[in-house]
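This report concerns only the one structure given below.
Values below: every heavy atom of this structure, side chains too, minus hydrogens, waters and symmetry copies.
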Amino acid sequence: MSIKPSSIPKQNERVKTASQEAFLKDKEIIFSFRYLNLNHKKFNCNGKGFSYFNCLIERLRDVSQIRVNDIGAKGKTLRCHRIDWKETTETCFGIPNEDKIVNGGEFQFALSSNEHGRVHGFFIGNIFCVVWLDPDHKLYKNKKRSSV
């Protein structure tokens with residue numbers, strides 16, 4: 001089966017209706033790396049070894065078997081939650097046309113309990129667009145430092 005170019009969504013095209021959005025949220029998560037930024041000074045994998053990348057691939061495999069509607073039910077294991085920019089060291093992802101593309105769908109999830117950090121990105125329907133790999137937990141402010 002070949003994919004016709006006209007059936008591929010155009011870049012920045014959002015789901016148009018609430019029923020389509022609800023339908024997609026009942027589907028398993030698919031990953032996109034279109035917006036992946038491996039050159040960010042804080043969010044990169046420089047110096048990370050095999051165990052990090054092995055954990056990353058295993059977590060992506062496991063998350064791809066979860067429906068979007070069920071992602072919150074994974075609780076402590078996944079540590080998935082929306083990104084609250086007011087609590088972070090950044091104000092946004094910094095991608096072109098972010099206000100139109102991201103549209104409030106910013107999330108993060110853990111690779112493991114604490115050892116390998118987080119993956120940050122956003123949802124468009126059932127597609128999780130990975131933007132940053134954060135192996136050293138640098139997105140959220142250290143609350144102990146900020147209270148001194």
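Residue N69 holds its CG atom at 11.0 Å from NZ of K27, rounded to the nearest 0.5 Å. The OG1 atom of T88 sits 10.5 Å away from atom CG of D134, with the distance rounded to the nearest 0.5 Å. To the nearest 0.5 Å, atom NE2 of residue H116 and atom OG of residue S51 are 4.5 Å apart. Taken from CG in N46 to CG in N39, the straight-line distance is 8.5 Å, to the nearest 0.5 Å. The structure places CZ of R118 at 6.0 Å from CD of Q108, a figure rounded to the nearest 0.5 Å. Taken to the nearest 0.5 Å, the OG1 atom of T89 stands 5.0 Å off from the CG atom of L139.
Using a 4.5 Å heavy-atom threshold, the side chains of I29 and F109 count as separate. Side-chain atoms of L78 and I66, non-hydrogen and from C-beta on, do get closer than 4.5 Å to each other. No side-chain heavy atom of N103 sits under 4.5 Å from any side-chain heavy atom of I124. Residues F122 and I95 have side chains in contact (heavy-atom distance under 4.5 Å, counting atoms from C-beta outward). At a threshold of 4.5 Å between non-hydrogen side-chain atoms, the residues N44 and L133 do not count as touching.
Evaluated for a ring-ring contact (aromatic ring centres under 6.0 Å, His included) with F93, the options F107, W85, Y35 yield exactly one hit, W85.
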*Step by step, work out the side chain to side chain contact (heavy atoms under 4.5 Å, CB included) result for V119 and F128.*
CA-CA 10 Å; V119 174; F128 187 83; 4.0 Å; yes
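In terms of modelled atom types and a separation under 3.5 Å, the side chain of R59 and the main chain of A110 share a donor-acceptor contact. At least one donor-acceptor pair under 3.5 Å links the side chain of N126 to the backbone N or O of E28. Within the 3.5 Å criterion, the main-chain N or O of F31 finds no donor-acceptor partner in the side chain of S64.
F123 and I127 fall into different hydrophobic clusters, where Ile, Leu, Val, Met, Phe, Trp and Tyr side chains are chained together by heavy-atom contacts under 4.5 Å. In the hydrophobic cluster analysis, where Ile, Leu, Val, Met, Phe, Trp and Tyr join through side-chain heavy atoms closer than 4.5 angstrom, Y52 is grouped together with L38. Note: the hydrophobic cluster containing I30 does not contain L56 (ILVMFWY, side chain heavy atoms under 4.5 Å, direct or indirect links).
Under the rule for a side chain to side chain donor-acceptor pair (under 3.5 Å), the partners of K48 that lie at least two apart in sequence or sit in another chain are D136. The side chain to side chain donor-acceptor pair (under 3.5 Å) search around D99 returns none, not counting sequence neighbours. Remark: H40 pairs with F43, W132 by the ring pair (Phe, Tyr, Trp, His ring centres under 6.0 Å) rule, at least two apart or across chains.
For the residue pair G121 and I83, the shortest heavy atom distance occurs at O-CD1, 4.4 Å. Nearest heavy-atom pair, C92 versus E98, reported as atom, atom and distance to 0.1 Å: CB-OE2, 3.3 Å. Residue S32 comes nearest to R34 through the heavy atom pair OG-N, 3.3 Å, listed as atom of the first residue, atom of the second, then distance.
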